[in-house]
Visitor: 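Next up is a structure, given as structure tokens.
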Amino acid sequence: MKRFLLLTSAVALALGLAQPASARVVELGALPGSTVKPSCPADPCEAAVRVTAIQGRQAGGRKNPYYIRADGYIVAFTVQLAKPSDEQMAFFDDNFETPPQVRLSVLRRGDKRKTRLNYRLLAQSDVYDVDKYLGSSPTFVLDQPMRVKKTNWIGITVPTWAPIFANNLTNADWWRSSRAKGRCEPPKSLDQFAMQELREVNVFGCTYHGARMMYTATYVPDPKPTVKTEK
């Protein structure tokens with residue numbers, strides 16, 4: 001309840017609303033009652049590394065949960081972070097830099113058959129260091145809401161590494177990465193594929209089943225007019 005009040009207050013301030021209740025707030029990717037957790041500190045401990053990712057499906061949820069179906073704003077996002085052991089932390093820090101980081105990305109997919117796996121980076125949040133929040137689910141309210149348009153997609157970008165990866169799930173859970181075809185598995189998949197330059201285009205050539213990126217995005221769709229007026 002406290003988190004909801006904080007978010008609705010942020011929505012009101014960001015969008016200039018007189019009453020927080022006047023905005024419809026949607027948490028993209030949220031699955032009430034879900035018991036899925038990131039893999040760490042289990043063995044093996046797996047994390048998202050150097051990638052921009054879009055969750056395409058969640059078991060028990062709707063298809064394309066991060067697809068924008070109406071114009072609006074993204075005002076916050078939440079990540080569910082595992083708490084790796086000290087040994088696991090040292091491994092990720094040594095191999096993928098420190099601290100663990102996340103940022104939210106707005107993407108547009110190509111609309112032709114030959115470009116349907118191409119995604120262009122349209123907007124992006126600040127980078128958030130998450131080393132202080134391991135073992136919790138922090139919500140980051142954006143200083144400036146990100147405008148989104150119908151047909152946009154919301155992805156999560158990990159410049160270094162972040163323990164937001166859940167595995168050993170059913171094939172109904174799958175996500176797509178900004179890695180090119182042929183570079184889907186280690187060691188090639190460990191190169192830097194995180195999208196961080198606006199307008200850049202990456203081929204999302206790798207799809208992974210049985211896994212989930214643990215993030216949600218707080219989305220406020222534009223209100224629908226109820227009275228016709230003359231232009």
Side-chain angles (χ1 to χ4, degrees), residues 26-31 34 36-39 46-69 74 77-81 96 100-125 146 148-217 219:
V26 180
E27 197 69 13
L28 300 177
L31 283 176
S34 174
V36 174
K37 297 180 180 179
S39 67
E46 297 186 70
V49 297
R50 298 174 175 170
V51 73
T52 295
I54 300 173
Q55 190 71 33
R57 188 70 182 263
Q58 302 161 310
R62 70 188 305 180
K63 186 178 180 181
N64 299 325
Y66 297 93
Y67 177 73
I68 299 297
R69 293 170 171 81
I74 299 295
F77 72 102
T78 301
V79 288
Q80 186 176 345
L81 297 163
F96 305 108
Q101 297 174 326
V102 295
R103 65 192 312 188
L104 203 68
S105 300
V106 178
L107 302 153
R108 183 175 67 221
R109 190 174 74 174
D111 57 4
K112 306 294 183 183
R113 183 175 181 180
K114 291 183 178 180
T115 62
R116 69 184 185 278
L117 293 180
N118 292 359
Y119 288 80
R120 183 182 297 275
L121 180 62
L122 302 180
Q124 204 162 43
S125 74
M146 293 193 297
V148 291
K149 296 287 188 178
K150 183 179 179 180
T151 74
N152 288 168
W153 297 76
I154 306 303
I156 190 74
T157 291
V158 180
T160 55
W161 68 278
I164 59 170
F165 184 78
N167 59 3
N168 297 323
L169 306 179
T170 70
N171 281 340
D173 287 280
W174 60 268
W175 63 282
R176 188 166 283 143
S177 83
S178 53
R179 299 168 183 142
K181 290 182 179 179
R183 307 190 74 175
C184 301
E185 301 299 331
K188 293 182 179 180
S189 64
L190 304 181
D191 292 339
Q192 182 58 267
F193 289 99
M195 299 176 71
Q196 299 195 84
E197 294 184 16
L198 293 183
R199 309 302 298 173
E200 75 170 303
V201 177
N202 269 28
V203 177
F204 278 57
C206 301
T207 301
Y208 302 89
H209 290 268
R212 190 184 300 178
M213 291 291 183
M214 306 298 290
Y215 72 103
T216 64
Y219 159 63

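Nothing here was measured: the structure is a model prediction, and the numbers come from that model. Positions are given from 1 along the sequence. For the numbers below, each heavy atom of this structure counts, side chains included, while hydrogens, waters and symmetry mates do not.
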Visitor: Output all residues satisfying side chain to side chain donor-acceptor pair (under 3.5 Å) with Gln80, sequence neighbours left out; order by chain, then residue number.
Guide: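 Gln80: no side chain to side chain donor-acceptor pair (under 3.5 Å) contacts found.
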Visitor: Taking all heavy atoms of Leu198 and all of Gln124, pick out the closest pair and write down the distance.
Guide: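 Closest approach of Leu198 to Gln124: CD2-N, 4.2 Å.
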Visitor: Side-chain contact test, heavy atoms from C-beta onward, threshold under 4.5 Å: evaluate it for Ile156 versus Phe77 and give yes or no.
Guide: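 When only atoms from C-beta onward are counted, Phe77 and Ile156 do touch, with a gap below 4.5 Å.
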Visitor: If every non-hydrogen atom of Gly56 is compared with every non-hydrogen atom of Pro65, which pair is closest and at what distance?
Guide: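 Gly56 and Pro65 have their closest heavy atoms at O-CD, 3.5 Å.
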Visitor: So which atom in Thr170 and which in Ala59 form the shortest heavy-atom distance, rounded to 0.1 Å?
Guide: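 Reported closest heavy-atom pair: OG1-CB, 3.8 Å.
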Visitor: Among residues at least two apart in sequence or on other chains, which ones pass side chain to side chain donor-acceptor pair (under 3.5 Å) with Asn64?
Guide: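 Listed in chain order: nothing, the list is empty.
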Visitor: Can you list the residues that meet the side-chain contact (heavy atoms from CB on, under 4.5 Å) rule with Val26, with sequence neighbours excluded?
Guide: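 So Val26 forms a side-chain contact (heavy atoms from CB on, under 4.5 Å) with Arg24, Leu28, Tyr219, Pro221.
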Visitor: Short question: side chain of Ser39, backbone of Glu46 - any donor-acceptor pair under 3.5 Å?
Guide: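 Yes: the side chain of Ser39 pairs with the backbone of Glu46.
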Visitor: Does anything in residues 203-214 pair up under salt bridge (Lys or Arg N to Asp or Glu O under 4.0 Å), and if so which pairs, sequence neighbours excluded?
Guide: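 The answer is Asp173-Arg212.
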Visitor: Which heavy atom of Ala48 sits nearest to which heavy atom of Val158, and what is that distance?
Guide: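 Heavy atoms of Ala48 and Val158 come nearest at O-CG1, 3.5 Å.
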Visitor: Do Leu104 and Tyr215 come close enough that some side-chain heavy atom pair is under 4.5 Å?
Guide: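 They are in contact (side-chain heavy atoms under 4.5 Å apart), so the answer is yes.
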Visitor: Whether the side chain of Thr216 engages the backbone of Glu27 through a donor-acceptor N/O pair (distance < 3.5 Å, no angle test) should be reported.
Guide: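 Such a contact is absent between Thr216 side chain and Glu27 backbone.
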Visitor: Would Val49 and Phe165 count as a side chain to side chain contact (heavy atoms under 4.5 Å, CB included) here? Give the steps.
Guide: CA-CA 10 Å; Val49 297; Phe165 184 78; over 6 Å; no
Visitor: Identify, with sequence neighbours excluded, every residue that meets ring pair (Phe, Tyr, Trp, His ring centres under 6.0 Å) alongside Phe204.
Guide: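 Listed in chain order: Tyr119.
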Visitor: Measuring only between side-chain heavy atoms, which start at C-beta, is Pro38 closer than 4.5 Å to Ile164?
Guide: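 No, their side chains stay 4.5 Å or more apart.
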Visitor: Taking only residues two or more places apart in sequence, or in another chain, which ones meet Gln196 in a side chain to side chain donor-acceptor pair (under 3.5 Å)?
Guide: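 Side chain to side chain donor-acceptor pair (under 3.5 Å) check on Gln196 returns Arg103.
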Visitor: Thr207: what forms a side chain to side chain donor-acceptor pair (under 3.5 Å) with it, not counting sequence neighbours?
Guide: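 Residues passing side chain to side chain donor-acceptor pair (under 3.5 Å) with Thr207: Arg176.
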Visitor: Mind checking what makes ring pair (Phe, Tyr, Trp, His ring centres under 6.0 Å) contact with Tyr208, not counting sequence neighbours?
Guide: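 In terms of ring pair (Phe, Tyr, Trp, His ring centres under 6.0 Å), with neighbours along the sequence ignored, Tyr208 is linked to Trp175.
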Visitor: Would you mind listing every salt bridge (Lys or Arg N to Asp or Glu O under 4.0 Å) that reaches into residues 110-121, with sequence neighbours excluded?
Guide: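 Matches after skipping sequence neighbours: none remain.
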Visitor: Please tabulate, one pair per line, all N/O donor-acceptor pairs under 3.5 Å involving side-chain atoms of residues 184-195, not counting sequence neighbours.
Guide:
residue	atom	partner	partner atom	Å
Asp191	OD2	Arg183	NH2	2.3
Gln192	OE1	Ala194	N	2.9
Gln192	NE2	Pro159	O	3.1

Visitor: As a quick check of understanding, evaluate side chain to side chain contact (heavy atoms under 4.5 Å, CB included) for Tyr67 and Ile154, giving each step before the final call.
Guide: CA-CA 7 Å; Tyr67 177 73; Ile154 306 303; over 6 Å; no
Visitor: To check you understand the geometry: which heavy-atom pair defines the closest contact between Ala47 and Ala162, and what is its length?
Guide: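 In this case the closest contact between Ala47 and Ala162 is CB-O, 3.4 Å.
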Visitor: Who passes side-chain contact (heavy atoms from CB on, under 4.5 Å) against Asn152, sequence neighbours left out?
Guide: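 With sequence neighbours excluded, Asn152 shows a side-chain contact (heavy atoms from CB on, under 4.5 Å) to Ile68, Val106, Arg108, Leu122, Val148, Lys149, given in chain and number order.
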Visitor: Nearest 0.5 Å, what's the CH2-CE distance between Trp174 and Met213?
Guide: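 Rounded to the nearest 0.5 Å, the CH2-CE separation comes out at 13.0 Å.
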Visitor: Any side-chain hydrogen bond (donor to acceptor under 3.5 Å, both in side chains) pairs touching residues 50-63, not counting sequence neighbours?
Guide: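 Listed once each, the pairs are Thr52-Thr157.
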Visitor: Roughly how far, to the nearest 0.5 Å, is the CZ atom of Arg109 from the OG1 atom of Thr115?
Guide: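 Rounded to the nearest 0.5 Å, the OG1-CZ separation comes out at 9.0 Å.
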